[in-house]
Asks: 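Got a structure for you, written out below as structure tokens; questions coming shortly.
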Amino acid sequence: MKIRQCSRAVIINERNEILLQRFEFRDVVGNKVLWVTPGGGIEENETPAEALKRELYEELGIVVNLVGEPLFQLDVWIDGKQGPFVSREIYYKITIPSDTRLSFENMTKDEKDAWQQVKWWSKEELQSIDDFAPREILNYI
């Protein structure tokens, strides 16, 4: 089975809310629309931390200094249109103020086409919706 290496951020603010983005995943069966953590694929010759720094700059326009070890890792099975694969996701915890200025100007064309919005969520709000992934995030906020 194909494995796609990914690096993702659990971004928390001073109110213990998590920042999620809503994307349409056009490469999966059914074109799922989900709230997900910022991040993405690790490119050749990148470390997970380097990949996440690049992705956060592309997706949110923020520059972060990652300190410490990853928070957790998940293997997520995905029913892709080109066949099933595992998304091996390494998660880092990052804290930023809720009023941090975000910019979406650096997104790739594919990201811009799939991106819908960004929002801060409380744990209670996330427990009441079905369209966010992975649900294991609730264990870390």
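Because the structure is a prediction, the values reported are computed rather than measured.
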Asks: Taking it one step at a time, do F104 and L60 satisfy side chain to side chain contact (heavy atoms under 4.5 Å, CB included)?
Replies: CA-CA 5 Å; F104 311 105; L60 300 174; 3.9 Å; yes
Asks: CD/E89 to CD1/I42 distance, rounded to the nearest 0.5 angstrom?
Replies: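 E89 atom CD to I42 atom CD1 measures 10.0 Å (nearest 0.5 Å).
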Asks: May I ask you to check whether over 12 heavy atoms, not counting those of E14, lie within 6.0 Å of atom CD?
Replies: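 Yes, the 6.0 Å shell around CD holds more than 12 heavy atoms from other groups.
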Asks: Step by step, work out the salt bridge (charged side-chain N to carboxylate O under 4.0 Å, His left out) result for K81 and D27.
Replies: CA-CA 6 Å; K81 289 182 178 175; D27 57 345; over 6 Å; no
Asks: Any side-chain heavy atom of Y91 within less than 4.5 Å of one from T37?
Replies: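 Of all side-chain heavy-atom pairs linking T37 with Y91, at least one is under 4.5 Å.
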Asks: Under a 3.5 Å distance rule, please check whether S7 uses its side chain to pair with a backbone N or O of P48 as donor and acceptor.
Replies: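 Yes, the answer is positive, given that a donor and an acceptor are paired below the 3.5 Å cut-off.
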Asks: Does this structure show an ion pair linking R22 with D131, if we count only N-O contacts that are shorter than 4.0 Å?
Replies: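 Yes, charged N to carboxylate O under 4.0 Å.
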Asks: Give the ring-plane orientation class for W121 versus W35, where under 30° counts as parallel, over 60° as perpendicular and anything between as tilted.
Replies: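 The arrangement is perpendicular - the two ring planes meet at more than 60°.
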Asks: Are any of the side-chain heavy atoms of I11 and I18 separated by less than 4.5 Å?
Replies: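 No, their side chains stay 4.5 Å or more apart.
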Asks: Is there a salt bridge (charged side-chain N to carboxylate O under 4.0 Å, His left out) between R54 and E46 once you walk through the steps?
Replies: CA-CA 10 Å; R54 176 183 50 76; E46 269 186 327; 2.7 Å; yes
Asks: Side-chain contact test, heavy atoms from C-beta onward, threshold under 4.5 Å: evaluate it for V86 versus V76 and give yes or no.
Replies: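 V86 does not reach V76 side chain to side chain.
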Asks: Would you call E58 and M107 a side-chain contact if the rule is heavy atoms closer than 4.5 Å?
Replies: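 No, every pair of side-chain atoms sits at 4.5 Å or beyond.
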Asks: What distance separates N106 CG from L56 CG, expressed to the nearest 0.5 Å?
Replies: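 If we round to the nearest 0.5 Å, N106:CG and L56:CG are 11.5 Å apart.
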Asks: Just wondering, more than 12 heavy atoms not from Q117 lying within 6.0 Å of its CD?
Replies: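 Yes, enclosed.
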Asks: Supply the atom-to-atom distance N31 CG to R26 CZ, rounded to the nearest 0.5 angstrom.
Replies: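 Here the rounded value is 7.5 Å.
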Asks: Short question: side chain of K2, backbone of P84 - any donor-acceptor pair under 3.5 Å?
Replies: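 Here the side-chain-to-backbone pair does not exist.
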Asks: Hey, are the side chains of V33 and Q116 touching, using non-hydrogen atoms and a 4.5 Å cut-off?
Replies: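 Of all side-chain heavy-atom pairs linking Q116 with V33, at least one is under 4.5 Å.
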Asks: Go through the steps for V36 and F23 under the test side chain to side chain contact (heavy atoms under 4.5 Å, CB included), then give the verdict.
Replies: CA-CA 7 Å; V36 296; F23 274 98; 4.0 Å; yes
Asks: Are the side chains of L138 and L126 in touch, meaning some heavy atoms are under 4.5 Å apart?
Replies: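 Yes. Closest side-chain heavy atoms under 4.5 Å.
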Asks: Can a donor-acceptor pair be found between the side chains of S87 and R4 at a distance below 3.5 Å?
Replies: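 Short answer, no.
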Asks: Closer than 3.5 angstrom, by distance alone: can the side chain of R15 be matched with the main-chain N or O of S98 as a donor-acceptor pair?
Replies: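 Not a single qualifying donor-acceptor pair exists.
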Asks: Would you say the side chains of Q21 and E59 form a donor-acceptor pair under 3.5 Å?
Replies: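 E59 and Q21 do have a side-chain donor-acceptor pair below 3.5 Å.
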Asks: Would you call L19 and N13 a side-chain contact if the rule is heavy atoms closer than 4.5 Å?
Replies: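 Result no, sub-4.5 Å side-chain heavy-atom pair not found.
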Asks: Can you tell me how far the CD1 atom of I90 sits from the CG atom of L52, to the nearest 0.5 Å?
Replies: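 It comes to 10.0 Å.
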Asks: Side-chain contact test, heavy atoms from C-beta onward, threshold under 4.5 Å: evaluate it for F72 versus N139 and give yes or no.
Replies: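 No, side chains not in contact.
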Asks: Going from CD on E55 to NZ on K53, what distance comes out if it is rounded to the nearest 0.5 angstrom?
Replies: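 Output value for this atom pair is 14.0 Å.
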Asks: Should we say atom CZ of R135 is surrounded by more than 12 heavy atoms from elsewhere, each under 6.0 Å from it?
Replies: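 Atom CZ in R135 is packed in, count exceeds 12.
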